[in-house]
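A short worksheet on the structure shown next.
Nothing here was measured: the structure is a model prediction, and the numbers come from that model. Atom set for the values below is all heavy atoms of this structure, side chains included, hydrogens, waters and symmetry mates excluded. Along the sequence shown, residues carry numbers from 1. Order of listing sets the numbers, starting from 1, for every ligand and every atom in it.
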Amino acid sequence: MTAESTALSELPADLNPDRLPQHIAVIMDGNGRWAKHRGLPRIMGHRRGVDTLKEMLRCCKDWGVKALTAYAFSTENWGRPLEEVEFLMNLFERVLRRELREMLQEDVQIHFVGNLGALPQSLQEEIQRSMEETKNNQAIQFTVATNYGGRQEIVQACRAIATQVQAGTLNPDEIDETVFEKHLYTVKTGNPDLLIRTSGEMRLSNFLLWQMAYTEIYVTDTLWPDFDRAELHRALCAYQARDRRFGCV
Ligand code: FPP
């Protein structure tokens with residue numbers, strides 16, 4: 001390891017290691033605009049977006065963040081031009097195949113959430129393989145929301161609970177937040193402490209609606225492909241300057 005790479009992997013001195021977010025969620029917005037500004041096809045922005053995500057995952061791991069959840073494809077994204085949707089599905093599959101070995105070496109546990117059954121069969125197989133092979137890894141939990149919609153997630157949780165009530169295995173009086181959360185995709189990952197959204201939009205875009213009730217939101221105008229360690233550092237400084245009260249005084 002060079003002196004430079006050692007320095008990069010260390011938590012910046014102005015950040016308090018005891019007040020880091022345990023779980024960061026990211027809305028990786030602005031790939032298309034990044035490409036357009038350079039006269040490139042939109043897909044080039046997504047390709048660069050993968051590099052940014054990889055760098056962000058490494059940085060979170062180096063700095064001691066225990067979970068990163070990325071919004072890769074929403075239930076609404078099927079409405080994009082067919083060639084862009086096909087490119088993204090192929091990209092996810094290629095990236096998984098290419099990065100699996102490194103995720104194993106780096107002790108990354110990968111997990112996919114969303115309506116995965118509607119994804120192309122070959123991608124579903126790659127997803128299952130990567131989740132199975134990394135399931136005992138410990139350094140960081142990396143969750144990719146794919147064909148994910150927050151409202152759809154809540155509806156499917158309601159349906160699962162209603163089915164249990166109908167079968168007589170659950171009493172309606174027993175339904176509380178803890179029971180409900182057991183039916184969400186994030187049962188293993190928990191709620192994010194910090195949401196980072198790039199490219200300036202002030203929206204949740206149907207992402208982790210239940211889970212983000214008390215998440216701190218940080219929005220930057222930077223486009224996702226330009227988001228780097230310095231930007232993450234800024235986001236973490238902003239987070240540590242916040243007073244999280246969870247509804248108390
Ligand atoms: C939003 O930018 C970005 C996406 C819909 C795709 C993000 C996906 C990746 C970066 C690949 C992740 C890969 C794996 C395997 C985890 P946009 O197209 O909405 O940008 P715009 O708002 O400028 O049009």
**Report entry** For ligand 1, the portion of Leu53 having any non-hydrogen atom under 4.0 Å away
**Finding:**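 Just the side chain.
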
Query raised in the report: Which part of Asn31 is near ligand 1, with near meaning a heavy atom under 4.0 Å away: side chain, backbone, both or neither?
Result: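 Looking at Asn31 and ligand 1, atoms from backbone and side chain both fall under 4.0 Å.
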
Query raised in the report: What are the atoms of ligand 1, with element, lying closer than 4.0 Å to any heavy atom of Gly30?
Result: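 It comes down to these atoms of ligand 1: 2 (O), 20 (O), 21 (P), 22 (O), 23 (O).
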
Requested in this report: Give the numbers and elements of all ligand 1 atoms closer than 4.0 Å to a heavy atom of Arg33.
Outcome: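 Reading through ligand 1 atom by atom, the close ones are 21 (P), 22 (O), 23 (O).
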
Report task. Take the angle between the ring planes of Phe207 and Tyr71 and call it parallel below 30°, perpendicular above 60°, tilted in between. Result ->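 Geometry flag for Tyr71 against Phe207: parallel rings.
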
Report task. Return each pair, listed once, that meets ring-ring contact (aromatic ring centres under 6.0 Å, His included) where at least one residue sits in residues 24-53; pairs must be two or more places apart or across chains. Result ->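 Listed once each, the pairs would be none.
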
Query raised in the report: Judged by modelled atom types alone, do Gln164 and Glu174 share a side-chain donor-acceptor pair under 3.5 Å?
Result: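 On atom types as modelled, these side chains do not qualify, holding no pair under 3.5 Å.
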
Requested in this report: May I ask you to check whether Ser9 and Arg58 show a side-chain donor-acceptor distance below 3.5 Å?
Outcome: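 No, because no side-chain N or O of Ser9 sits under 3.5 Å from a partner of the opposite role on Arg58.
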
Query raised in the report: Can you pull the salt bridge (charged side-chain N to carboxylate O under 4.0 Å, His left out) pairs that have at least one residue in residues 202-217, sequence neighbours excluded?
Result: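 Passing the test, one end in residues 202-217: Glu201-Arg203, Glu216-Arg242, Glu216-Arg244.
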
Protein contact to [atom] [nearest heavy atom, distance to 0.1 Å]:
atom                    : value
atom 4 (C) of ligand 1  : His46 CE1, 3.8 Å
atom 14 (C) of ligand 1 : Phe92 CD2, 3.9 Å
atom 6 (C) of ligand 1  : Ala72 O, 3.4 Å
atom 1 (C) of ligand 1  : Met28 O, 3.1 Å
atom 19 (O) of ligand 1 : Arg80 NH2, 2.8 Å

If I apply the N/O under 3.5 Å rule, does [X] come out as touching ligand 1?
X     : answer
Trp34 : no
Asn77 : no
Arg42 : yes
Tyr71 : no
Val95 : no

Query raised in the report: Yes or no on side chain to side chain donor-acceptor pair (under 3.5 Å) for Thr75 and Gln152, after CA distance, side-chain angles and deciding distance?
Result: CA-CA 8 Å; Thr75 45; Gln152 179 267 337; over 6 Å; no

Query raised in the report: Between Asp29 and Arg33, does at least one N-O distance fall below 4.0 Å, as a salt bridge requires?
Result: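 Yes.
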
**Report entry** Residues, nucleotides or ligands: over 12 heavy atoms within 6.0 Å of Arg151 CZ
**Finding:**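 Atom CZ in Arg151 is not packed in, count stays at 12 or less.
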
Query raised in the report: Ala70 and Phe142: which non-hydrogen atoms are nearest, and at how many Å?
Result: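 Nearest heavy atoms, Ala70 then Phe142: CB-CE1, 4.4 Å.
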
